[in-house]
Amino acid sequence: MTSQTITAAAAGTWQLGDRTVNRLGFGTMRLPQRGEALVPDAVPRDRDQAVAVLRRAVELGVNHLDTAAFYFSPLRSANELINYALAPYPDDLVITTKVGPARDPSGHWLPHAAPAQLRAQVEENLRQLGRDHLDVVNLRIVGAHSIAERFGALAELRDAGLIRHLGLSNIRSHHLVEAQTIAPVVCVQNMYGIGASAEQEDMLRLCGEQGVAFVPFYSIAGDGRTAGASTDEGSAVEAVARRRGVSAAQVRLAWTLQRGAHVLAIPGTGDVAHLEENVAAGALRLSEGDMGELGGGA
């Protein structure tokens with residue numbers, strides 16, 4: 001199911017704060033390198049190829065990009081590629097970034113930022129993207145501890161005009177409740193896809209009940225995470241893909257989008273053909289039988 005005439009609009013839209021985005025977006029984690037992402041010795045991707053993917057995404061109606069300052073390889077930065085490829089930015093383009101984690105110049109992970117360090121991370125994203133404000137900033141966390149101080153620091157930056165909207169990433173339900181007592185939350189970015197756990201399903205449902213966008217990561221890669229999707233697909237996914245004449249990745253994306261009108265997909269790739277295939281998945285509608293076979297209601 002690949003067609004250059006299918007655009008991201010086929011997936012429908014969602015109101016992300018005061019911005020309207022197509023529900024089929026694009027994640028930039030894989031743009032800076034080939035192979036596994038977020039590793040120190042990553043092989044840089046060809047610059048022209050990465051730029052072509054970004055420009056083609058916008059041509060296909062993608063107006064929601066996910067990025068981070070810690071998405072880089074020895075020669076490439078996702079933010080810098082976005083800036084080079086797309087600035088001056090289209091009026092409808094929403095760029096979502098995330099703060100909290102950080103990597104040193106060699107690519108090794110650093111401790112997550114304390115509240116006082118978050119402004120520097122926001123300013124680094126601003127500089128790399130060439131913006132005077134960030135559309136959406138997600139606070140990405142690890143663990144179950146309180147996020148009040150860190151989220152409060154971002155709320156202050158929002159009040160100062162450096163950030164338009166706030167979101168959360170890799171959280172549990174009590175984090176969403178805690179954050180909403182401090183400032184509005186427009187999105188939650190958590191791991192989710194076919195075979196999701198009960199806890200992941202609960203977060204999907206909670207966001208839907210509260211009108212918060214749910215933005216799954218690894219919806220195609222699954223357990224492969226930063227290494228990418230496995231070639232050994234589950235039998236149910238393979239069966240549905242064969243029956244519908246589509247790829248397994250398209251089945252996974254369609255299933256994810258059909259889990260709720262508030263779900264925004266952000267599949268990433270460094271290949272134009274794969275990008276077009278992913279965007280086309282926004283037009284795929286799985287039947288009630290398909291959804292039941294894959295483990296979800298229509």
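Both backbone and side-chain heavy atoms feed into the values below; hydrogens, waters and symmetry mates do not. Quick note: residue numbers are just sequence positions, from 1.
Distance CE/Met203 to CD/Gln189: 12.5 Å, rounded to 0.5 Å. With values rounded to the nearest 0.5 angstrom, His262 atom NE2 is found 12.0 Å from Cys187 atom SG. Between the CZ atom of Arg76 and the CG atom of Asp46 there is a distance of 7.0 Å, given to the nearest 0.5 Å. Separation of atoms CG (Leu286) and CD (Gln258) is listed at 4.5 Å; rounding is to 0.5 Å. In this structure, CZ in Arg172 is found 9.5 Å from NE2 in His145, a value given to the nearest 0.5 Å.
Within the 3.5 Å criterion, the main-chain N or O of Thr96 finds no donor-acceptor partner in the side chain of Asp135. The closest donor-acceptor contact from the side chain of Arg34 to the backbone of Arg30 lies at 3.5 Å or more, if one exists at all. In this structure, the side chain of Gln210 does not engage the main chain of Cys207 through any donor-acceptor pair within 3.5 Å. In terms of modelled atom types and a separation under 3.5 Å, the side chain of Ser73 and the main chain of Pro32 share a donor-acceptor contact. Looking at Ser219, its side chain never comes within 3.5 Å of a backbone N or O of Pro216 through a donor-acceptor pair. Not one N or O on the side chain of Asp159 forms a donor-acceptor pair closer than 3.5 Å with the backbone of Glu156. In this structure, Gln117 contributes its side chain and Ala114 its backbone to a donor-acceptor pair below 3.5 Å. Looking only at distances, a side-chain donor or acceptor of Arg45 sits under 3.5 Å from a matching main-chain atom of Gln33. In this structure a side-chain-to-backbone donor-acceptor pair under 3.5 Å is present from Asp271 to Ala273. Without hydrogens or angle criteria, Glu201 side chain to Ala196 main chain gives no donor-acceptor distance under 3.5 Å.
For the residue pair Leu166 and Ala183, the shortest heavy atom distance occurs at CD1-CB, 4.0 Å.
In Glu123, the CD atom is crowded: over 12 heavy atoms of neighbouring residues, nucleotides or ligands sit closer than 6.0 Å. Surrounding CD of Gln49 are more than 12 heavy atoms belonging to other residues, nucleotides or ligands, all under 6.0 Å away.
Between Leu206 and Phe214 the shortest side-chain heavy-atom distance does not fall below 4.5 Å. Contact annotation: the side chain of Arg103 never approaches that of His108 to less than 4.5 Å [non-hydrogen atoms, C-beta and beyond]. Put simply, the side chain of Val94 does not reach to within 4.5 Å of the side chain of Asn63, judged on heavy atoms. Between Pro184 and Arg158, the closest side-chain pair of non-hydrogen atoms falls below 4.5 Å. Side chains of Glu277 and Gln250 form a contact here, defined as non-hydrogen atoms less than 4.5 Å apart. Counting only heavy atoms from C-beta outward, the side chains of Gln121 and Lys98 never approach each other to under 4.5 Å. The side-chain heavy atoms of Val62 and Thr7, taken from C-beta on, include no pair separated by under 4.5 Å. Between Val251 and Leu294 there is a side-chain heavy-atom pair separated by less than 4.5 Å.
We find that Arg55 and Glu59 are not joined by a salt bridge, their nearest charged nitrogen and carboxylate oxygen being 4.0 Å or further apart. Between Arg243 and Glu238, no side-chain nitrogen of the basic residue sits less than 4.0 Å from a carboxylate oxygen of the acidic one, so the salt-bridge criterion is not met.
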Check your understanding: Taking it one step at a time, do Trp255 and Tyr192 satisfy ring pair (Phe, Tyr, Trp, His ring centres under 6.0 Å)?
Key -> CA-CA 11 Å; Trp255 181 91; Tyr192 184 82; 5.6 Å; yes
**Study point:** Test log, rule side chain to side chain contact (heavy atoms under 4.5 Å, CB included), inputs Val186 and Val212
**Key:** CA-CA 5 Å; Val186 301; Val212 174; over 6 Å; no
Exercise for review: Would you please test Glu276 and Val279 for side chain to side chain contact (heavy atoms under 4.5 Å, CB included) and show each step?
Suggested key: CA-CA 5 Å; Glu276 292 173 349; Val279 171; 5.8 Å; no
Review point. When you look at Ile141 and Leu168, which way does the side chain to side chain contact (heavy atoms under 4.5 Å, CB included) test go after all the steps?
Key: CA-CA 8 Å; Ile141 70 164; Leu168 298 165; 5.9 Å; no
Exercise for review: Let me see the working for Arg19 and His64 under side chain to side chain contact (heavy atoms under 4.5 Å, CB included), right down to the final yes or no.
Suggested key: CA-CA 10 Å; Arg19 309 294 301 278; His64 176 214; over 6 Å; no
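Using a 4.5 Å cut-off between side-chain heavy atoms of Ile, Leu, Val, Met, Phe, Trp and Tyr, with links allowed through other members, Ile82 and Val136 fall into different hydrophobic clusters. Hydrophobic clustering of Ile, Leu, Val, Met, Phe, Trp and Tyr side chains at less than 4.5 Å, counting indirect connections, keeps Phe217 apart from Leu264. By the criterion of side-chain heavy atoms lying less than 4.5 angstrom apart, applied directly or through intervening Ile, Leu, Val, Met, Phe, Trp or Tyr residues, Leu93 is grouped together with Tyr84 in one hydrophobic cluster. A single hydrophobic cluster is seen to contain both Val99 and Ile95, as judged by linkage of ILVMFWY side chains at heavy-atom distances under 4.5 Å, directly or through other members. Linking ILVMFWY side-chain heavy atoms closer than 4.5 Å, directly or via other members, places Ile194 and Ile266 in two distinct hydrophobic clusters.
A donor-acceptor contact under 3.5 angstrom links the side chains of Glu124 and Gln128, judged on distance only. In this model, no donor atom of one side chain and acceptor atom of the other lie less than 3.5 Å apart for Asn190 and Asn170.
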Could you tabulate the donor-acceptor pairs under 3.5 Å formed by side-chain atoms of residues 21-28, not counting sequence neighbours?
unit_1	atom_1	unit_2	atom_2	d
Asn22	ND2	Gly61	O	2.7
Arg23	NE	Ala261	O	3.3
Arg23	NE	Val263	O	2.9
Arg23	NH1	Ala11	O	3.1
Arg23	NH2	Leu257	O	2.5
Arg23	NH2	Gly260	O	2.8
Arg23	NH2	Val263	O	3.2
Thr28	OG1	Asp66	O	2.8
Thr28	OG1	Thr67	OG1	3.2

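The side-chain contact (heavy atoms from CB on, under 4.5 Å) search around Leu110 returns Ala102, Asp104, not counting sequence neighbours.
Judged as a ring pair (Phe, Tyr, Trp, His ring centres under 6.0 Å), not a single pair has a partner in residues 151-190 (not counting sequence neighbours).
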